[in-house]
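Reminder, nothing fancy here: chain letters follow the sequence lines and each chain counts from 1.
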Amino acid sequence: MPRRKRTGDILADLTDSQREAVCYGEGPLLVVAGAGTGKTRVIIRRIASLLDRGVPPDRVVAMTFTNKAADEMRRRVEALVGKDVYVSTFHSFCARLLRTEIAHIGRDPSFTICDRADSVRIIRRIVKDRELDPATFAPRDILAYVAVRKDRIRSPQDCAEQAIGIVERTFADVYGRYEEALAANNALDFDDLLLKTLEVFRRRPEVLQEYQNAYLHVLVDEYQDTNLPQHLIARALQGKHRNITAVGDPDQMIYSWRGARLENLMEFEEDFPGAHVVTLERNYRSSANILRAASACIQRNVFRREKTLLTEREAGERIVAGEFADSFAEGRWVAEKVNELMDGGLRPADIAVFYRTKQQSLPLEDAFAALALPHQVVDSIGFFERREIKDVRAYLQLLVNPRDNQSCLRIINTPRRGIGARTVAKLQAEAQRRKQCLIEVVRDGAELDWLGPRAKNAVTSFWQLYERLSSLKRATVAELIRKLLDATDYVGRQPAEERADAQEIVDLFVGYARQYDRNSPGGGLIGFLQQAVLVSDVDGWNARADAVPFMTLHSAKGLEFDAVFLVGLEEDILPHRRALEEQIQGSEDAALEEERRLFYVGMTRARHRLFITCAHKRVVRGREETVAPSRFLDELPQECLVRDEESVASAGSAQDFARDMDRVLKRKRASLRILDDEGDGELACGVRVSHPGYGDGEIVEVSMLGKRRIVRINFDAHGVMSFLLAGDDAAPA
DNA sequence: TAAACCGTTGTTTTT
DNA sequence: CAACGGTTTA
């Protein structure tokens with residue numbers, strides 16, 4: 001049993017302001033905490049302090065931005081006072097609440113949570129059914145429209161009433177049909193998790209009261225990035241005891257495109273009268289040089305409340321700026337610098353590389369592979385969106401929620417079992433006619449005389465498969481997935497070139513399920529699916545792995561490293577072109593300022609060393625394009641910077657490098673085809689392969705980089721080249 | 001029915 | 001460049 005710490009430990013190493021926030025008693029509390037001022041520490045110590053003062057652990061609830069942050073917070077509180085508190089994201093909290101309460105608003109608790117791709121598919125279907133022009137009514141645009149309305153709690157009826165012109169009226173109409181489709185499938189999208197929770201609270205005050213009674217204290221981290229529904233949920237929960245603690249930093253608001261409202265933080269004192277405000281301005285993280293540059297950058301923003309970060313740290317090393325001919329040269333330079341830092345004693349996990357967009361990871365991966373440097377692309381969402389995983393999830397989802405036609409459609413002929421598009425269309429029409437769900441029609445397949453004998457056979461055997469899997473629902477999730485893969489011969493029926501890849505992916509998923517079974521006994525299949533859809537990118541990052549993490553600036557929020565590389569400081573990338581086009585609240589400045597905050601978040605993650613780079617050429621849409629250095633570079637105080645003189649020299653050799661290390665082979669469609677098929681589909685020395693770009697060749701060397709393989713191939717026409725076979729560092733640990 | 005082929009299109013960040 | 005949708009062909 002962990003040793004119970006005394007109050008002294010909880011308050012150890014805190015400054016006066018931090019202590020003020022930690023020890024504050026009853027009533028609303030706002031902690032405005034600049035970057036690196038010990039924000040997370042304050043919230044953790046405050047929870048510990050509350051428990052130490054006798055608040056029962058089950059009467060505290062804390063909200064974080066990601067599941068990883070939630071786990072971390074729970075763990076650290078536990079380490080401090082030996083008690084377990086409920087820490088969650090808003091979305092997970094709402095999903096859990098709705099599993100027990102959604103019946104109050106006439107919905108079924110076995111609902112499916114659909115991700116963005118599912119939502120797009122539903123909208124695409126509606127656009128098609130209504131025979132709308134897909135250019136004017138692009139499903140993605142409509143979904144964006146819907147998301148914005150939901151963030152502002154606007155119903156389809158509201159939107160229809162306020163719509164101006166035929167186009168907007170049509171958007172509102174599709175929104176309405178989208179809601180109907182979700183209801184028919186017994187599905188909720190991400191926003192619905194928040195909205196339906198609010199609806200339960202509104203329509204059933206007695207239910208809200210139960211929660212208000214239960215929670216004596218509500219704490220919310222990253223308040224600057226909460227949207228209106230989240231703000232209202234937090235406000236509702238603290239309604240009785242009025243003990244809300246909100247922690248945030250306006251300068252780090254980077255999710256306005258997802259409805260984040262700075263007003264939640266800025267107008268906190270009006271929303272929660274009598275709120276006490278504590279401001280933390282002393283930075284303990286970054287060297288003076290880094291902090292000075294970051295402050296100079298953020299001070300360019302006009303829409304902000306003046307706040308100065310102080311440090312007592314020494315100046316430290318200057319920020320190193322590098323400029324390169326192209327992103328390959330940039331990547332190689334980063335890899336070389338990382339190598340030097342590691343020689344100097346830094347561990348890979350003390351270093352991080354940040355970029356604006358995920359696709360920027362590719363040249364970096366190549367460069368790190370070339371130097372055999374351990375790295376990990378932080379992208380778990382990518383893993384869960386892989387076709388194989390989505391297929392398996394659809395099977396499981398259909399077992400939990402038979403009304404999930406979306407999932408049913410996905411797997412009814414996956415793998416191919418002879419239920420073609422025509423048959424599916426007939427089944428759908430029948431379902432519509434009978435006002436039943438698809439799987440019910442499948443169940444009655446044997447009696448449908450308008451089905452041909454072959455189709456009927458296929459439909460019946462699909463129903464038998466479904467029943468067989470249904471009977472296994474009580475097994476562990478890992479076991480269920482294994483049986484499902486077995487029963488469908490899922491991997492064996494993949495195209496030969498993709499089989500090995502598919503096997504690897506599903507094995508990883510089984511491993512992930514096994515871990516879930518171990519960690520969440522009693523969580524059930526529903527809990528598993530919920531966890532798998534509500535993942536964030538950083539959730540899959542194994543911070544204890546000895547690898548340099550690559551991640552987006554958005555994912556980097558809340559983290560810190562000894563050394564940080566910020567790559568791709570180019571116009572149209574950072575600030576991103578699309579972002580500037582968005583024009584938040586009709587103002588291009590607001591959008592630019594958000595991009596600047598993103599840059600600021602990136603810089604302030606660094607403790608000692610900061611490297612900022614840009615390239616003159618970048619591969620966009622498969623074409624090499626010339627790009628200009630970011631305007632943000634000019635905004636940095638020159639005295640904090642030192643230009644790397646090697647960067648100019650190494651620029652010329654980029655092409656050699658690109659030639660030597662072709663590119664990461666994408667997993668989706670392996671571009672290496674094995675020619676002699678006496679082997680068992682393995683890439684080994686001596687095996688002849690074919691590459692779409694370089695023709696035929698022979699494998700001369702296979703080596704490992706972590707879990708990933710590097711294959712050197714001697715092409716008949718082009719000589720020796722190396723390939724990094726995409727592995728699965730994206731898989732959650 | 002399913003594989004193979006062709007043309008279009010999109011192009012940020014993510015719970 | 002790749003992902004997707006639609007068409008053609010076996």
Query - side-chain contact (heavy atoms from CB on, under 4.5 Å) partner of A:Arg356, the single match among A:Leu569, A:Thr552, A:Leu598 - result: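 Only match with A:Arg356 under side-chain contact (heavy atoms from CB on, under 4.5 Å): A:Leu598.
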Requested in this report: Figure out the CZ/P separation between A:Arg125 and C:dC4, and round it to whole Å.
Outcome: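 The answer, rounded to whole Å, is 16 Å.
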Requested in this report: Let me know the distance between CZ of A:Phe384 and P of B:dT15, rounded to the nearest Å.
Outcome: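 A:Phe384 atom CZ is separated from B:dT15 atom P by 12 Å.
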Any side-chain N or O of [X] less than 4.0 Å from the OP1 or OP2 oxygen of [N]?
X: A:Asn227; N: B:dT15; answer: no
X: A:Thr66; N: B:dT15; answer: no
X: A:Arg417; N: B:dT1; answer: no

Query raised in the report: With a distance cut-off below 6.0 Å to the six-membered ring centre and an angular limit of 45° from the axis, does A:Arg149 pair with A:Tyr145 as a cation-pi contact?
Result: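 Yes - A:Arg149 lies over the ring of A:Tyr145, closer than 6.0 Å to its centre and within 45° of its axis.
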Query raised in the report: Looking at A:Tyr86, does the NZ or CZ of A:Arg96 lie under 6.0 angstrom from its six-membered ring centre and within 45 degrees of the ring axis?
Result: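 Yes.
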Requested in this report: Write down the distance separating the P atoms in B:dT13 and C:dC4, rounded off to the nearest Å.
Outcome: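 Approximately 16 Å lies between the P atom of B:dT13 and that of C:dC4.
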Report task. With the side chain counted from C-beta on, respond yes when A:His576 and A:Glu571 share a heavy-atom pair under 4.5 Å apart, and no when they do not. Result ->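 SC-SC contact between A:His576 and A:Glu571 ruled out.
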May I ask you to say whether [X] pairs ionically with [Y], meaning some side-chain N is under 4.0 Å from a carboxylate O?
X: A:Asp192; Y: A:Lys150; value: yes
X: A:Arg631; Y: A:Glu595; value: no
X: A:Arg618; Y: A:Glu570; value: yes
X: A:Lys39; Y: A:Asp249; value: no

Query - Check: A:Tyr512 ring centroid to A:Phe528 ring centroid under 6.0 Å - result: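 Ring centres of A:Phe528 and A:Tyr512 closer than 6.0 Å.
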Query raised in the report: For nucleotides 5-10 of chain C, read 5' to 3', which letter fits each nucleotide if B means a protein heavy atom sits under 4.0 Å from the base, S means only the sugar-phosphate is that close, and - means neither?
Result: SS----
**Report entry** Sequence-aligned protein contact record of nucleotides 5-14 of chain B, with B where the base is within under 4.0 Å of a protein heavy atom and S where only the sugar-phosphate is
**Finding:** -----BBBBB
**Report entry** Criterion ring-ring contact (aromatic ring centres under 6.0 Å, His included) on A:Tyr255 and A:Phe65, from CA distance to verdict
**Finding:** CA-CA 11 Å; A:Tyr255 283 96; A:Phe65 208 70; 4.8 Å; yes
Report task. Over 60° means perpendicular and under 30° means parallel, so classify the ring planes of A:Trp541 and A:Phe561, tilted if in between. Result ->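 Judged by the thresholds at 30° and 60°, the geometry between A:Phe561 and A:Trp541 is tilted.
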Query - Dot-bracket notation for DNA chain B, counting Watson-Crick and G-U pairs under 3.5 Å, with | for partners on another strand - result: ||||||||||.....
Requested in this report: For A:Asn413, answer base if it contacts any base atom (sugar-phosphate contacts may also be present), sugar-phosphate if it contacts only those atoms, and nothing otherwise; contact means non-hydrogen atoms under 4.0 Å.
Outcome: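 Sugar-phosphate only.
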